[in-house]
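Have a look at the structure below before the remarks.
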Protein chains: 2
Amino acid sequence: MRVSLKDVAERAGVSIKTVSNVVNNYPHVTPAMRTRVQRAIDELGYRPNLTARHLRKGRTGIIALAVPELGNPYFAELAGAVIDVAAQHEYTVLLDHTQGSREQEILVSQGFRSRVIDGLILSPLELEPEDLAARTDDAPLVLLGERRYDLPYDHIAIDNIAAARAAVRHLLTLGRRRIAFLGARQDRTVQPAHLRLLGWQAELAEWGVPAEDALVTATGGWDHEDGSVAMAKLLDSGQLPDAVFAYNDLVAIGAMRVMSERGLKVPEDIAVVGFDDITESRYGAVTLTTVAPDKQAIARLAVESVVGRLKSQQNEETPRPSQELQPGFTLVERESTLGRGASNSLPGHGATT
Amino acid sequence: MRVSLKDVAERAGVSIKTVSNVVNNYPHVTPAMRTRVQRAIDELGYRPNLTARHLRKGRTGIIALAVPELGNPYFAELAGAVIDVAAQHEYTVLLDHTQGSREQEILVSQGFRSRVIDGLILSPLELEPEDLAARTDDAPLVLLGERRYDLPYDHIAIDNIAAARAAVRHLLTLGRRRIAFLGARQDRTVQPAHLRLLGWQAELAEWGVPAEDALVTATGGWDHEDGSVAMAKLLDSGQLPDAVFAYNDLVAIGAMRVMSERGLKVPEDIAVVGFDDITESRYGAVTLTTVAPDKQAIARLAVESVVGRLKSQQNEETPRPSQELQPGFTLVERESTLGRGASNSLPGHGATT
DNA sequence: GCCCTTGTTTCCAACGTTATACAAGATGCC
DNA sequence: GGCATCTTGTATAACGTTGGAAACAAGGGC
């Protein structure tokens, strides 16, 4: 049933290697021979066995992308971009989702797909530095997202502090002074991350506006439901902010839903800024002002990092040192801060390295 | 650098096969031998080369899922479910997106990942029956979604006609009589699919309500933007329906945005029903009534079909004949038809085979 | 006409794993 | 104690491919 090079070779009356040469477009094959072999290939319907090729070549042409949750449109959109960029480099993407569990993230980073994937793009949530330090797999790894590890791996993230500050500054410029932050981590002591919260604090400090703890609300995760719960909690606690800066768009949209249920108008009563610029934020009854990371750039940088390092490995060059790469971002101003009638976008900070 | 069975065997002073036996938990290994080999494995940090294993075993444990677009939350959510179910069967999922292009879909169905994937779950959009008929790859294939091909492949889809009828019936029950359909295909002559439109027609016919052509609007794709454009077109044409049944939730939400911009209230002026029950539909200013296909069941049936056929192939049994599988659906009634205050869900039709 | 060069095809050996067949050692039975 | 039986470990051959070396054919220069 299965047809291999050997079968084609017999049919064409040549050696296996000649067939292989034809398949791989090896230059020194006479046209006559090429057509003869090609006919045998067509007649038998030969398809190369990629697994065997991979074994022989030592690489598979597959890179993995591991994100916390595909249900989150940000990651889905990013995944789409990564798949496209990878295809341009003739790589295929194997998608994993870790559900944000530390165990899953460790498993993935340790390379449990040993020798099936050539490289890995990981967007970690719970992974700890020591987990990564213990990594033995030699496949190139790139880290995505807010957390920093200070380990010799390329790290790709927009300047989260600058982005958060731009968002908060926008709200301050509009005259808002009681700006809540939605989506802090429960265990705020552990986290070395959450630059967005730091950005919020920094910008408020610069304007001399007190950063009240009561205006910071923690969430379990960062989806619609978490946003709704957090917003309800905030309002129930007696706080009435005049603006909300949410960890991401899902939280922002979940929060806006609660505002709407309670008769609070956006942006008149409460202005809202999100983060991620998912498609959804452009189509609500009130479109969402949000920080738009350059997803295309993120995808491009991530794939190029992995592919570049693979090339170095292959040529036995010394790989270039690991880098912090900062794609650009934009603050997209929409109705949730400006109200109906205006919608605009400003160029952001952060250079695309 | 790389450590193989051979290295471990040398270190432990045993044969390669013995190490292999230990790695694979082959029963007839004395405990003493097992620990000795295990120590060598640990010391050298051996990881099996899965590519070699795949070549030897003839299967990879990878199935591909090809969907039109990951940016569409329906497919992203479905993909998440498929990944989880596949993991339970010890399969990994390779995700492709075809962008709804026929060429891409042909490529995928022809098995361009030859021998890398054991099976394929494909959600086609433009693929034609003749493309599939010409398929030579022998990897099991399952088809997902609205289109029917009448070819010997398992096909998994909810009863789209019944689902559409349930949606339209719901609107009729609420007293609506001018019910627009948003999201027909441009080339309505070609399409053998679009059961949702047929369902719309059928239910209207049953109630003696004329199915006006002017109330059917075609779209290029089926995302937010297409919905907005279509709704604007409909309204600009002078039609003012009292309800809209959209091809999917994205179209419905895009349409609602336009209604909101034009001062039309949902559901007072226009009631809206979508299709897919994506998360987004639960968190808008007006939550969306929608047909909720049982995504878990779809994912389960799809994976089980592929895995089952792989098992048959392996045991050289004759595979069972191809089937039409109909997972269940639910009509989830929310504010876009009922208004604020009530939200409910009714059990749907369609048996889970 | 011969040798050398160039160009084309073939042979062989891997890549790392597992299946099969077999050898060797231990045990049980008469 | 010898023979059959069972247990445990080993050698060898694949799986399908590609890279390198070697073999072969043809063409050209002297």
Side-chain angles (χ1 to χ4, degrees), chain A residues 1-38 40-41 44-61 111 113-118 138 313-316, chain B residues 1-38 40-41 44-61 111 113-118 138 313-316:
Chain A
M1 188 75 220
R2 185 115 337 128
V3 37
S4 76
L5 281 183
K6 193 166 127 197
D7 305 315
V8 178
E10 271 170 26
R11 174 84 165 222
V14 296
S15 84
I16 293 180
K17 188 63 210 304
T18 301
V19 181
S20 171
N21 286 341
V22 171
V23 171
N24 292 285
N25 280 318
Y26 183 74
H28 303 301
V29 180
T30 52
M33 178 61 88
R34 190 177 294 278
T35 54
R36 177 165 136 214
V37 171
Q38 189 60 52
I41 289 176
L44 293 174
Y46 166 78
R47 326 281 316 263
N49 180 323
L50 297 184
T51 303
R53 183 179 288 173
H54 295 161
L55 173 60
R56 176 62 233 228
K57 295 206 151 188
R59 38 183 296 288
T60 61
R113 303 244 189 275
S114 187
R115 305 280 138 233
V116 169
I117 61 162
D118 291 341
D138 58 346
Q313 276 188 6
Q314 197 177 346
N315 304 344
E316 297 188 348
Chain B
M1 189 75 221
R2 186 115 337 128
V3 37
S4 76
L5 281 182
K6 193 167 129 197
D7 305 316
V8 177
E10 271 170 25
R11 173 82 164 224
V14 296
S15 84
I16 293 180
K17 186 64 212 299
T18 303
V19 181
S20 171
N21 286 340
V22 171
V23 172
N24 293 286
N25 282 317
Y26 184 73
H28 302 300
V29 180
T30 53
M33 178 60 86
R34 190 177 294 278
T35 55
R36 178 166 137 216
V37 171
Q38 190 60 51
I41 288 175
L44 293 175
Y46 166 78
R47 326 281 314 266
N49 180 323
L50 298 183
T51 301
R53 182 177 290 173
H54 295 161
L55 173 59
R56 177 63 232 221
K57 294 203 149 186
R59 41 182 296 286
T60 61
R113 304 243 188 278
S114 186
R115 306 277 139 234
V116 170
I117 61 161
D118 292 342
D138 59 344
Q313 276 189 4
Q314 197 176 349
N315 304 345
E316 298 186 348

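Quick caveat: nothing in here was measured; it's all calculated off a predicted structure. Note on naming: letters A, B, ... go to the chains in the order of the sequence lines (proteins, then strands), and numbering restarts at 1 for each one.
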Heavy atoms under 4.0 Å, any strand shown: does B:Tyr26 hit a base, just sugar-phosphate, or nothing?
-> nothing

Atom OG1 in B:Thr51, atom CG in A:Leu55: separation rounded to 0.5 Å?
-> 6.5 Å

A:His28 atom NE2 is separated from D:dC24 atom C1', nearest whole Å, by 16 Å

Could you check how far CD of A:Glu10 sits from P of D:dG16, rounded to whole Å?
-> 13 Å

Give one of base, sugar-phosphate or nothing for A:Thr18, where a contact means two heavy atoms less than 4.0 Å apart.
-> base

Between CD of A:Gln314 and P of D:dG19 the distance, given in whole Å, is 10 Å

Whole-Å distance, B:Asn49 CG to D:dG16 P, equals 17 Å

Could you grab the distance from atom CD1 of B:Ile16 to atom CG of B:Asp7, nearest 0.5 Å is fine?
-> 9.0 Å

For the atom pair CG (A:Asp138) and CD (A:Gln313), what is the distance rounded to the nearest 0.5 Å?
-> 6.0 Å

Do B:Arg56 side-chain and C:dT18 base share a donor-acceptor contact under 3.5 Å?
-> yes

Spell out yes or no: do the side chain of B:Lys6 and the base of C:dG16 have one donor N/O and one acceptor N/O closer than 3.5 Å?
-> no

For C:dT17, take OP1 and OP2 only and decide whether either is under 4.0 Å from a side-chain N or O of B:Thr51.
-> no

A:Gln314 side chain to A:Arg59 main-chain N or O, any donor-acceptor pair under 3.5 Å?
-> no

With the side chain of B:Asn24 defined as its heavy atoms from C-beta on, choose the nearest nucleotide among C:dC11, C:dC15, C:dT18.
-> C:dT18

Return the 5'-most residue of the pair A:Arg47, B:Met33 with respect to DNA chain D, ranking by each residue's nearest nucleotide.
-> B:Met33

More 5' along DNA chain D: B:Val14 or B:Lys57, using each one's nearest nucleotide?
-> B:Val14

Touch class at under 4.0 angstrom, heavy-atom based, for A:Val23 against every strand present | nothing

To the nearest angstrom, the CZ-P distance between B:Arg36 and D:dT10 comes to 8 Å

So CZ of B:Arg115 and CZ of A:Arg53: to nearest 0.5 Å the spacing works out to 13.5 Å

Find the distance A:Lys17:NZ to D:dG20:C1' and express it as a whole number of Å.
-> 8 Å

Looking across every strand, which nucleic acid part, if any, lies under 4.0 Å from B:Asn21 by heavy atom: base, sugar-phosphate, or nothing?
-> base

A:Pro48 has a side chain; which of C:dT10, D:dT17, C:dG16 sits nearest to it?
-> D:dT17

Would you say D:dT7 has OP1 or OP2 under 4.0 Å from some side-chain N or O of B:Thr30?
-> no

Closest of D:dG19, D:dT17, C:dT20 to the A:Leu5 side chain is D:dT17

Would you say D:dG16 has OP1 or OP2 under 4.0 Å from some side-chain N or O of A:Ser4?
-> no

Whole angstrom value for the distance that separates P of D:dT17 from NE2 of B:His54 | 17 Å

Shortest side-chain distance from B:Arg53, nucleotide among C:dT18, C:dC15, C:dT10 = C:dT18

Using a cut-off of less than 4.0 Å, is there contact between a side-chain N or O of B:Ser20 and OP1 or OP2 of C:dT18?
-> yes

Could you give the CD1-to-P distance, from B:Ile16 to D:dA11, as a whole number of Å?
-> 10 Å

Taking the side chain from A:Thr60 and the backbone from A:His54, do they hold a donor-acceptor pair closer than 3.5 Å?
-> no

